[in-house]
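Just below is one structure, and these are the notes that go with it.
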Amino acid sequence: MEVRLGKTDFIEDPAAIERELTGSWISAVRRHGKFVVLDLKSGNGANESRTLLIHLGMTGQIRTCPPEEPIAPHTHVFVSLDDGREMRYTDIRRFGKIRLLEDGGPEDTLGKLGLDPTEVNEKEFVARLATRRARVKALLLDQRVLRGMGNIYTDESLWRARIHPRRLGANISKVELHRLYLAIRSVLAEAIRLRGSSISDYVDAEGNRGEFQLRHRVYQREGKECSRCRSVIRREIVAGRSSYFCPRCQPQPRKRLT
DNA sequence: CTTACGGCCTGGGTGC
DNA sequence: TGCACCCAGGCCGTAA
């Protein structure tokens, strides 16, 4: 691989990226929570393990294309691959992050993350929430509790499970937690199958838009009817985030905490 | 320790 | 035409 960089203020150590990627191979591409993980193998046969972490933030895109393809605005990383294609990182807002982990270095970024919601079993899931007095919305967004959930899938899951985002973890019944567990798994499975939610400009590595936004029941649907009960969808700030919910399907917790 | 909250980063969209 | 403002996700500092 060969690397060219544009703006680098979202890259932890740009010099290290240039140095370590050049001449290396990508031996695997994985996902860990919201991180795209590229496992690197050096071309000279040395055996040190280096890993490239890419967080797309809100507007980050990783694409591969022929090198002669016109360069989209806000493209800041160009990697020439040995098969002739070019891998490009584009990020309008630069809320994304790129970081190189060297050889067993401090693995704090990934090590602090919670369980993968697509793999966690119900018992572990319940244990993670039922002992907490924070709002369920904050807990689901907390990457140390579960890794990978963002605002969209949190709201959609809470709607499916009929749980108000302001409920406290410890106040949610086992029956409700069971519903939430199933809701999260079904929402994520469906969203992955439909290649994600293209609200503004999200695309996958081939440039395809996702289609899960067509299935959103609450997210960005303030003022529209709930498809289950016809009440009007509301938006409130919960845990510092816009939160969309149905006030009838997802009843307010008794205690008012504003 | 846990929880809540405000501020910061950036730039497209919106509304005046 | 210009411009102030909002908002997004993650993270950090601070306070209770």
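All heavy atoms count here, side chains included; hydrogens, waters and symmetry mates do not. We name chains A, B, ... by the order of the sequence lines, and we start the count at 1 in each one.
- Contact annotation: the side chain of A:L168 approaches that of A:R135 to within less than 4.5 Å [non-hydrogen atoms, C-beta and beyond].
- Take the nearest nucleotide of DNA chain B for A:R144 and for A:F95: the residue whose nucleotide is more 5' is A:R144.
- Contact annotation: A:K97 side-chain N/O to C:dG10 OP1/OP2 distance is not under 4.0 Å.
- Take A:R4 and apply the salt bridge (charged side-chain N to carboxylate O under 4.0 Å, His left out) test, not counting sequence neighbours, and it matches A:E86.
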Checklist outcome for this item: Once base and sugar-phosphate atoms are separated, protein heavy atoms under 4.0 Å mark nucleotides 11-16 of chain C, 5' to 3', with B, S and - as ------

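- Listed by first then second residue, pairs satisfying ring-ring contact (aromatic ring centres under 6.0 Å, His included) with a partner in residues 58-82 of chain A read A:F10-A:H76, not counting sequence neighbours.
- Of the candidate nucleotides B:dA4, C:dG9, B:dG11, B:dA4 has the atom nearest to the side chain of A:R135.
- To the nearest angstrom, C1' of C:dG10 lies 16 Å from CD1 of A:I152.
- Using a 4.0 Å cut-off between charged side-chain N and carboxylate O, A:R50 and A:E102 make no salt bridge.
- For A:R94 and B:dG12, the CZ to C1' distance is 14 Å, given to the nearest whole Å.
- Rounded to whole Å, atom P of B:dC5 lies 13 Å from atom CD of A:E236.
- Between A:Y181 and A:F125, the angle of the ring planes lies from 30° to 60°, which puts this pair in the tilted group.
- The CG-P distance, from A:L141 to C:dG10, rounds to 8 Å in whole Å.
- Here the P atom of nucleotide C:dC7 and the CD1 atom of A:I237 are 6 Å apart, to the nearest Å.
- Contact check on A:E2 versus A:R19 returns no salt bridge, with no Lys/Arg side-chain nitrogen under 4.0 Å from an Asp/Glu carboxylate oxygen.
- Distance A:K137 NZ to C:dG10 P: 11 Å, rounded to the nearest Å.
- In this structure, A:T59 does not reach the B:dT10 phosphate: none of its side-chain N or O atoms is under 4.0 Å from OP1 or OP2.
- Distances shown here put every side-chain N or O of A:R133 at or beyond 4.0 Å from the OP1 or OP2 atom of B:dC1.
- Close to B:dT10, at under 4.0 Å from its OP1 or OP2, lies no side-chain N or O of A:H74.
- The side chain of A:S242 lies closest to C:dC7, out of C:dC7, C:dG10, B:dT3.
- Remark: P of C:dA8 and CE of A:M149 are 17 Å apart, rounded to the nearest angstrom.
- Looking at every heavy atom in both residues, A:C249 comes nearest to A:P251 through O-CD, 3.2 Å.
- When the side-chain nitrogen and oxygen atoms of A:R93 are compared with OP1 and OP2 of C:dA8, none of them lie within a distance under 4.0 Å.
- Note on A:D91: nothing from the nucleic acid sits closer than 4.0 angstrom, heavy atoms only.
- As rounded to whole Å, 12 Å separates atom C1' of B:dA4 from atom CG of A:L168.
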